[in-house]
Amino acid sequence: MLLWRIELARAGVFLRHRCGRYACVALAYPRPALKANIINKMATFNDLYKFFDRLDQNFLQVVVPRIIAEKATEFYKQRFTVKADVNNRPWPPAKNPPTRGSLLVRSGNLMASVRPSRVTPQRVVISAGSQQVPYAAVHNEGATLTVPVTRDMRKFAWAMKYKTGDDRWKGLALTKKRYLRINIPKRQFMGHSIVLRKLLIDSIRAAYSNFIKH
């Protein structure tokens with residue numbers, strides 16, 4: 001399963017993704033300017049206390065995590081529509097375009113598996129993949145797979161040759177190789193994104209501006 005973790009801290013909002021199966025990046029959301037705006041609107045210390053209590057209990061603990069979960073999930077799912085990675089670089093095209101659906105969207109299961117799996121005041125986790133969709137990380141990171149050539153695989157290749165007339169299936173059915181090396185190009189749909197970072201900051205700032213008006 002592919003996980004993308006977003007942490008919220010007092011000093012800012014941080015987007016993290018562990019190294020290895022995960023990756024690491026931080027998204028800082030500066031707050032000094034916000035503090036000045038808050039103080040200018042306060043009349044008494046009691047008002048100030050109530051405002052910061054509402055800011056912490058409502059905005060930081062509820063609104064901000066919800067914004068991050070919704071916007072990040074929507075952004076990652078859009079990658080399957082625009083056929084571009086998280087920084088809007090186009091995905092490598094398929095050598096053999098699919099006869100149904102589109103690139104990485106045949107059944108729609110992979111895109112549908114992108115979801116917020118945890119949303120708390122301290123952390124937002126966006127996940128992709130499951131036991132039914134075990135190939136999320138392979139497509140996101142790219143990989144070279146070694147696959148044994150089995151009798152069932154040869155039977156399937158013959159069936160596809162007669163069905164489609166494509167001689168490439170015949171080549172697979174008659175190959176003398178015991179193993180096939182399959183290169184899966186990297187078509188990233190989750191990860192560190194300058195585009196997403198700006199989207200989150202703009203969304204949080206807009207929500208904050210609306211928050212201080214009420």
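Between I68 and the options I126, T73, V124, a side chain to side chain contact (heavy atoms under 4.5 Å, CB included) holds for only V124.
A perpendicular orientation is assigned to the rings of Y135 and H139, their planes being inclined by more than 60° (bins at 30° and 60°). Ring geometry for F59 versus F211: interplanar angle of 30 to 60°, hence tilted.
D167 places no side-chain N or O within 3.5 Å of a backbone atom of K170 that could act as its donor or acceptor partner. Under a 3.5 Å cut-off, the side chain of N87 and the backbone N or O of I194 do form a donor-acceptor pair. The backbone N or O of P92 sits less than 3.5 Å from a side-chain atom of R187, completing a donor-acceptor pair.
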Before giving the answer on side chain to side chain contact (heavy atoms under 4.5 Å, CB included), spell out for I184 and T144 the whole-Å C-alpha distance, their side-chain angles and the decisive distance to 0.1 Å.
-> CA-CA 6 Å; I184 307 295; T144 299; over 6 Å; no

Stepwise side chain to side chain contact (heavy atoms under 4.5 Å, CB included) test for F75 and V86 | CA-CA 8 Å; F75 177 82; V86 295; 4.1 Å; yes

Could you check V149 against T175 for side chain to side chain contact (heavy atoms under 4.5 Å, CB included), going step by step and ending with a plain yes or no?
-> CA-CA 9 Å; V149 179; T175 184; 4.2 Å; yes

Show your reasoning for whether ring pair (Phe, Tyr, Trp, His ring centres under 6.0 Å) applies to F156 and W169.
-> CA-CA 9 Å; F156 176 78; W169 289 108; 5.6 Å; yes

Please test I201 against S203 for side chain to side chain contact (heavy atoms under 4.5 Å, CB included), starting from the C-alpha separation and ending with a verdict.
-> CA-CA 5 Å; I201 289 175; S203 298; over 6 Å; no

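Across all non-hydrogen atoms, the minimal contact from S209 to I212 is O-CG1, 3.3 Å. Closest non-hydrogen pair, A128 versus V114, comes out as CB-CG2, 3.9 Å. Of all the heavy atoms in L196 and A72, the pair that sits closest is CD1-CA, 4.0 Å. In terms of heavy-atom proximity, P134 sits nearest to Q131 at CD-O, 3.8 Å. The shortest non-hydrogen separation linking S113 to G129 is OG-N, 2.9 Å. Minimum heavy-atom separation, R154 to L174: NH1-C, 3.9 Å.
Taking the six-membered ring for Trp and the full ring otherwise, the centers of W91 and F189 sit at least 6.0 Å from each other.
With contacts defined as side-chain heavy-atom distances shorter than 4.5 Å, the pair L172/M160 does not qualify. Contact check for K155 versus T150: no side-chain heavy atoms found under the 4.5 Å cut-off. You'll find the side chain of T81 stays beyond 4.5 Å of the side chain of K83, heavy atoms only.
A salt bridge is absent between K161 and D166: the closest approach of a Lys/Arg side-chain nitrogen to an acidic carboxylate oxygen does not fall below 4.0 angstrom.
Under the 4.5 Å side-chain heavy-atom criterion for Ile, Leu, Val, Met, Phe, Trp and Tyr, L145 and L180 are members of the same hydrophobic cluster. Linking ILVMFWY residues whenever their side-chain heavy atoms come closer than 4.5 Å, directly or via other members, places V138 and I182 in the same cluster. Tracing side-chain contacts under 4.5 Å through hydrophobic residues (I, L, V, M, F, W, Y), one reaches V195 starting from I67; they form part of the same cluster.
For the residue pair N88 / R79, a side-chain donor-acceptor distance below 3.5 Å is found, with atom types taken as modelled.
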